[in-house]
Amino acid sequence: MDTGCLSSMNITGVNQARSFAGQLPTQRCFPSSHLASFNVKSLVLRNKGRSSHRRHSALQIVCKDFPRPPLESTINYLEAGQLSSFFRNSERPSKPLQVVIAGAGLAGLSTAKYLADAGHKPILLEARDVLGGKVAAWKDEDGDWYETGLHIFFGAYPNIQNLFGELGIEDRLQWKEHSMIFAMPNKPGEFSRFDFPETLPAPVNGIWAILKNNEMLTWPEKVKFAIGLLPAMLGGQPYVEAQDGLTVSEWMKKQGVPDRVNDEVFIAMSKALNFINPDELSMQCILIALNRFLQEKHGSKMAFLDGNPPERLCMPIVDHIRSRGGEVRLNSRLKKIELNSDGTVKHFGLTDGTQITGDAYVCAAPVDIFKLLVPQEWSEISYFKKLEKLVGVPVINVHIWFDRKLKNTYDHLLFSRSSLLSVYADMSVTCKEYYDPNRSMLELVFAPAEEWIGRSDAEIIDATMEELAKLFPDEIAADQSKAKILKYHVVKTPRSVYKTVPNCEPCRPLQRSPIEGFYLAGDYTKQKFLASMEGAVLSGKLCAQSIVQDYSRLSLRSQKSLQSEEVPVAS
């Protein structure tokens, strides 16, 4: 559910003005019985030149979020917190390292944040004029935001949950009820729910949710599915890792799991996790997700960010970095990694001709971009050569503003189970900043997108409307004879998260490279959360940890470099 790409993205659609300014409205929603009201200001929407006014005169509205789940006692949360404390409690460096980091997505931001916590000076370089990488977003000329992807924050994301706590912004997550809601393709307009009871511990609450749902799987299918999963439950992590060589479809056939389990459950899961179908996705990816969701009581509980990610998540990280002496620079695109004669990094060369030097260097760009930057001298080293197996998957994120409030939806993420769409949400309901009591804005992930990434926006919108007509049969028609489109934005990402196909795991690199003083960060690097926001944040922490652990060696290397520069040349 994490889409986007650092600098290989193509933003298309109408109203393409980008602004990295603007303030979040002061509305607030409170959990449980605490209520808050606020005024909704008049806004203007335009549909290809035609204006449509939304006039709201001091409407009184009430929002209600679900309480934040108690995550602090889970093992994964405590482990993530311990890793965070490693940086705060590490010995203060006598001479802080200057670490140059290319890429201000979550991986680069995380690397810089934790290096700053350890007393070092990160210099974070972002190629574009917006923060966030795969969670980037832009404001159009009407003041509405459109994002790279539909981003969900799970309870099973311990490093992200710790990060929100460390920044003091936990209240920016809008927690939803503990459910998973699937559309029913054979019953247009209807949904099937998996409700996780709050009174039961894990994994009983997950098992109960599955057993109580009789609309998607029959009892015999549930039994065969459970039997198929037994080896994973008994074999633990070694078994899960061994399944990397099989696709989801191959694993199901091997375990005797009925095809309908694939049709009813795994297609939707595969597209949500990695934007591809089960006949391509490594089974390891599914098993890791199931393990996280079933082993933690609140693991599958979901939250939406209360506004656009650059301002509501990324800027607090930037403020934190700067408050500790670090730097963050936008419009600073890495062009070339220049090397010394011994093959180590001499400096990062930017497209504007600037040369940035440091005591250590990190590339936190997506794997497809980094592969283009790998110096020729490194290309035959196994560590870098294996990256050829890792390729980003194309994703399209669609935003459609309608002329009315759609009724057949929930304040939640919805699994479309459509052949073209993955997940979607009515952001005018789920997100405070995007709230609109009179008109809906659907944000949808169009996946798999490989056959569509080169098509026009109009074709993509037409195809999306065809699918929406099945999800909203009483409210949406493909020809717009019912709900009318006021405007739309289509965000194309030709190379997003790496495609988790079989046998990728051995190709994922550790954060510490074989080149002294050079490191990698990104969800494609080695960490246990695969291609996700959580994986990106954890990769940044592991990268920062490697640098802090290498402090003595990096400091000595830097001193030797300075001494060699100071040696006078004999006349």
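All residue numbers refer to positions in the sequence shown, counting from 1.
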Going by salt bridge (charged side-chain N to carboxylate O under 4.0 Å, His left out), K528 matches just one of E534, E241, E79. Which one? E79
Go through it in stages, so that I can follow the logic: the residues are T493 and F275, the test is side chain to side chain contact (heavy atoms under 4.5 Å, CB included), and I'd like the CA-CA distance, side-chain angles, deciding distance and then a yes or no. CA-CA 12 Å; T493 307; F275 316 117; over 6 Å; no
Does the side chain of [X] pick up a donor-acceptor pair with the side chain of [Y] at under 3.5 Å?
X	Y	answer
N308	E147	no
D342	T344	yes
Q511	T525	yes
S270	N277	no
S496	K134	no

Sequence-distant partners of [X], salt bridge (Lys or Arg N to Asp or Glu O under 4.0 Å), two or more places apart:
X	answer
R322	none
E91	none
K499	E280, E450
E338	K336

Testing V248, T500, V240 one by one against Q284 for a side-chain contact (heavy atoms from CB on, under 4.5 Å), which residue passes? V240
Other residues, nucleotides, ligands: >12 heavy atoms within 6.0 Å of I75 CD1: no
Atom CD of residue position Q82 - does it have more than 12 heavy atoms of other residues, nucleotides or ligands inside 6.0 Å? no
What is the minimum heavy-atom distance between T148 and G133, and which atoms define it? OG1-O, 4.0 Å
Which heavy atom of A156 sits nearest a heavy atom of E296, and at what distance? CA-OE1, 3.8 Å
Is the [X] ring parallel, tilted or perpendicular to the [Y] ring (thresholds 30°, 60°)?
X	Y	value
F164	F153	perpendicular
F182	F194	perpendicular
F348	F518	perpendicular

Quick check on side chain to side chain donor-acceptor pair (under 3.5 Å): which of K113, Q161, H320 does E166 satisfy it with? K113
For H412 and T430, what are the C-alpha separation, side-chain angles and deciding distance, and is it a side chain to side chain donor-acceptor pair (under 3.5 Å)? CA-CA 6 Å; H412 214 299; T430 61; over 6 Å; no
Set out, in order, the CA-CA distance, both residues' side-chain angles and the distance that settles side chain to side chain contact (heavy atoms under 4.5 Å, CB included) for L313 and L106, then state yes or no. CA-CA 9 Å; L313 172 56; L106 289 180; 4.0 Å; yes
So, do Y551 and H120 have ring centers that fall under 6.0 Å from each other? yes
F293 and F154 aromatic centres sub-6.0 Å: yes
Between E311 and R172 (salt bridge meaning N to carboxylate O under 4.0 Å), is one present in this structure? no
Mark yes or no: R292 above the aromatic ring of F529, with NZ or CZ under 6.0 Å from the six-membered ring centre and no more than 45 degrees from the axis. yes
According to side-chain hydrogen bond (donor to acceptor under 3.5 Å, both in side chains), who are the partners of E327, at least two apart in sequence or on a separate chain? K121, R329
Mind checking what makes side-chain hydrogen bond (donor to acceptor under 3.5 Å, both in side chains) contact with Y498, not counting sequence neighbours? R508
